[in-house]
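Worksheet: the structure to be examined is printed underneath.
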Amino acid sequence: MSKIYLGTNLKMFKGYQETLEYIKRVNEITQNISSDIQVFVIPSFLTISEAIEKTQQKNCWIGSQNMASIAEGAYTGEISPKQLKEIGVTINELGHSERRQFFGETDQELAKKVKASVDFKMRPLLCVGENALEKDSNASSATVLRQLQIGLAKLTVEELKNVMIAYEPVWAIGENGVPAEPTYVEEIHQVMRDCLMTLAGEIGQEIPLLYGGSVNLANYQELLSKKNVDGLFIGRTAWEIEKFKEIILFANKNYV
Ligand code: PEP
C-alpha cells in the first residue's frame, strides 16, 4: 500500500491567528494517524514560519503557495527557494491555475521553479489541469500532457522521484466549480501515469497523483477508491476543520 496524500491550500483566506488555530487543530488530528497518511497544509507566506514551529513536520507538512525560481537576487516582492528551505518548508505548490491565469505563469517558468524546488531539497507539487474550453474541445489530455512534459522537463529521472502532481481541472475548482466525475479523474490520471512512466520508467509509478476541484464529503471516498488517485488536494471542504478531519480519519481507517 502506498501513501495517501491529503492536503489543502488556504489561498488568501484565513487571517494570521485563524490560520495558526487551524494548523493547531490539523496537528492534533494528525498526531495519531499512520505514517502512510501524509497531510499537508499550504497557508499564506505570512504564517509559514510559525506554522512550522507549531507542527510536527512528520505528520503534517507545511508548504508554500508559490516560489521564485532563483535562489537570491534583485527581485522585489519574490520569495526564494533558499529562504523557504531555511525556515523548514517541505513542499512547494507550483502552477495553481490561479497563478497561471491571474499572474501569467507559463509552463516554461514553472519548469524552472520545479527544478529549483528539487535543487533545494523540497518537493514540488506541480498543478496541472485543462480549462472548460480545452475540455469542450476534447483537448484535456493534450493540455495536461503539455503542462506535465514542459513542467518536468528540467528534471533527471532520479529527480522525478521528488515530484508530486495535482490534477485540478479549472472548471472543477472553487465556488462555481463542478466536481469532476471520479471515472473522468481516473481516465486523466491514467494518461498522466502513462506519461510519467514514459519519462521515468518504474519511478513514474511512484509519483503521487492527487486530484483537486470541489472535493466534498459526498465524493471523496469514490475519488480515493480510484487506482491512480493517490490523494486529494482540497480547498473549501478542508477549510472546515471537522470536514478535513473526517477525510483524514477515513483514509487512516481504510487505506493503511
Ligand atoms: C483549488 O482551488 O485548488 C481547489 C481544489 O478548491 P476547491 O476544492 O474549493 O474547489
Side-chain angles (χ1 to χ4, degrees), residues 5 7 9-12 40-46 48-49 52 61-131 134 139 141-170 173 188 191-193 195-201 203-204 206-210 212 233:
Y5 295 83
N9 156 25
L10 299 184
K11 305 194 181 187
M12 206 169 69
F40 59 94
V41 178
I42 308 190
S44 92
F45 283 114
L46 284 181
I48 288 180
S49 199
I52 288 170
W61 294 339
I62 300 294
S64 66
Q65 296 179 13
N66 179 31
M67 186 185 77
S69 62
I70 295 165
E72 61 186 6
Y75 297 97
T76 302
E78 288 293 295
I79 295 185
S80 83
K82 191 175 171 191
Q83 293 164 332
L84 293 174
K85 181 66 186 175
E86 187 185 347
I87 62 169
V89 165
T90 311
I91 179 169
N92 310 120
E93 178 183 2
L94 300 171
H96 187 279
S97 63
E98 288 150 16
R99 299 291 320 166
R100 293 176 188 262
Q101 196 181 338
F102 304 133
F103 301 95
E105 291 196 359
T106 62
D107 292 324
Q108 285 77 3
E109 209 175 318
L110 287 165
K112 292 187 205 157
K113 295 186 179 195
V114 167
K115 174 73 173 135
S117 171
V118 171
D119 284 349
F120 279 88
K121 310 255 176 300
M122 295 179 282
R123 293 197 73 166
L125 173 64
L126 178 63
C127 301
V128 300
E130 80 283 7
N131 62 28
E134 288 158 341
S141 298
T143 303
V144 167
L145 286 176
R146 188 203 72 232
Q147 293 172 339
L148 263 191
Q149 283 167 326
I150 301 178
L152 302 179
K154 292 189 182 294
L155 302 185
T156 63
V157 168
E158 197 53 30
E159 287 173 334
L160 281 166
K161 270 189 191 154
N162 303 300
V163 165
M164 294 168 58
I165 306 293
Y167 169 56
E168 299 210 306
V170 183
I173 288 176
I188 302 287
V191 169
M192 296 198 295
R193 182 70 74 207
C195 167
L196 293 170
M197 292 191 70
T198 304
L199 291 176
I203 288 171
E206 304 303 319
I207 296 175
L209 300 180
L210 282 60
F233 195 26

Fill in the blank from the handout: All heavy atoms of L152 vs all of V163, minimum pair found to be CD2-CG1, 3.8 Å
Practice task
Tell me, yes or no, whether the heavy-atom count around E86 atom CD, taken from other residues, nucleotides or ligands under 6.0 Å, exceeds 12.
Solution key: no
Handout entry: Member of I42, I48, T90 meeting the side chain to side chain contact (heavy atoms under 4.5 Å, CB included) criterion with I62
Key = I48
Handout entry: Atom pair NZ (K85) and OG (S117), whose distance is rounded to the nearest 0.5 Å
Key = 9.0 Å
Exercise for the section: Show your working on side-chain contact (heavy atoms from CB on, under 4.5 Å) between R99 and L110 and close with a plain yes or no. Expected result: CA-CA 10 Å; R99 299 291 320 166; L110 287 165; over 6 Å; no
Problem - is_close_aromatic(F40, F233), centroid dist under 6.0 Å - result: yes
Practice task
Would you give the length of the straight line joining atom CG of N162 to atom CE of M122, rounded to the nearest 0.5 angstrom?
Solution key: 11.5 Å
Problem - NZ (K11) with more than 12 external heavy atoms under 6.0 Å - result: yes
Fill in the blank from the handout: Closest non-hydrogen contact found for L155 with E159 is CA-OE1, 3.4 Å
Handout entry: L199 vs L148, side-chain contact (heavy atoms from CB on, under 4.5 Å): CA-CA, chis, key distance, verdict
Key = CA-CA 10 Å; L199 291 176; L148 263 191; 5.9 Å; no
Practice task
Applying side chain to side chain contact (heavy atoms under 4.5 Å, CB included) between L125 and each of I165, I91, L94, N92, report the one that passes.
Solution key: I91
Handout entry: Side-chain touch N131/Q101, heavy atoms, less than 4.5 angstrom
Key = no
Exercise for the section: Determine the minimum heavy-atom distance between S97 and V170, stating which atoms define it. Expected result: CB-CG2, 3.8 Å
Exercise for the section: Assess whether side chain to side chain donor-acceptor pair (under 3.5 Å) is satisfied between N66 and K113, documenting all intermediate values. Expected result: CA-CA 9 Å; N66 179 31; K113 295 186 179 195; 2.9 Å; yes
Problem - Under 3.5 Å: donor-acceptor pair, side chain of R100, backbone of C127 - result: yes
Practice task
Drop me the distance from L160's CG to I203's CD1, to the nearest 0.5 angstrom.
Solution key: 7.0 Å
Exercise for the section: Count the heavy atoms belonging to other residues, nucleotides or ligands that lie under 6.0 Å from CZ of F45, then report whether that count exceeds 12. Expected result: yes
Fill in the blank from the handout: For G129 and T143 the tightest heavy-atom approach is O-CG2, 4.3 Å
Problem - Test side-chain contact (heavy atoms from CB on, under 4.5 Å) applied to E78 and I70, step by step - result: CA-CA 9 Å; E78 288 293 295; I70 295 165; over 6 Å; no
Handout entry: Rounded distance (nearest 0.5 Å) linking atom CD of E206 with atom CE of M164
Key = 13.5 Å
Handout entry: Nearest-0.5 Å distance that lies between atom CZ in F103 and atom NE2 in H96
Key = 11.5 Å
Problem - Gap separating the OG1 atom of T156 from the NZ atom of K115, nearest 0.5 angstrom - result: 6.5 Å
Exercise for the section: Indicate the atoms forming the closest heavy-atom contact of K154 with A111, along with that distance. Expected result: CD-O, 3.9 Å
Exercise for the section: Heavy atoms only: give me the nearest S80-A71 pair and the separation to one decimal. Expected result: OG-O, 2.9 Å
Handout entry: Option among Q149, Q147, R146 that satisfies the side-chain hydrogen bond (donor to acceptor under 3.5 Å, both in side chains) test with D107
Key = R146
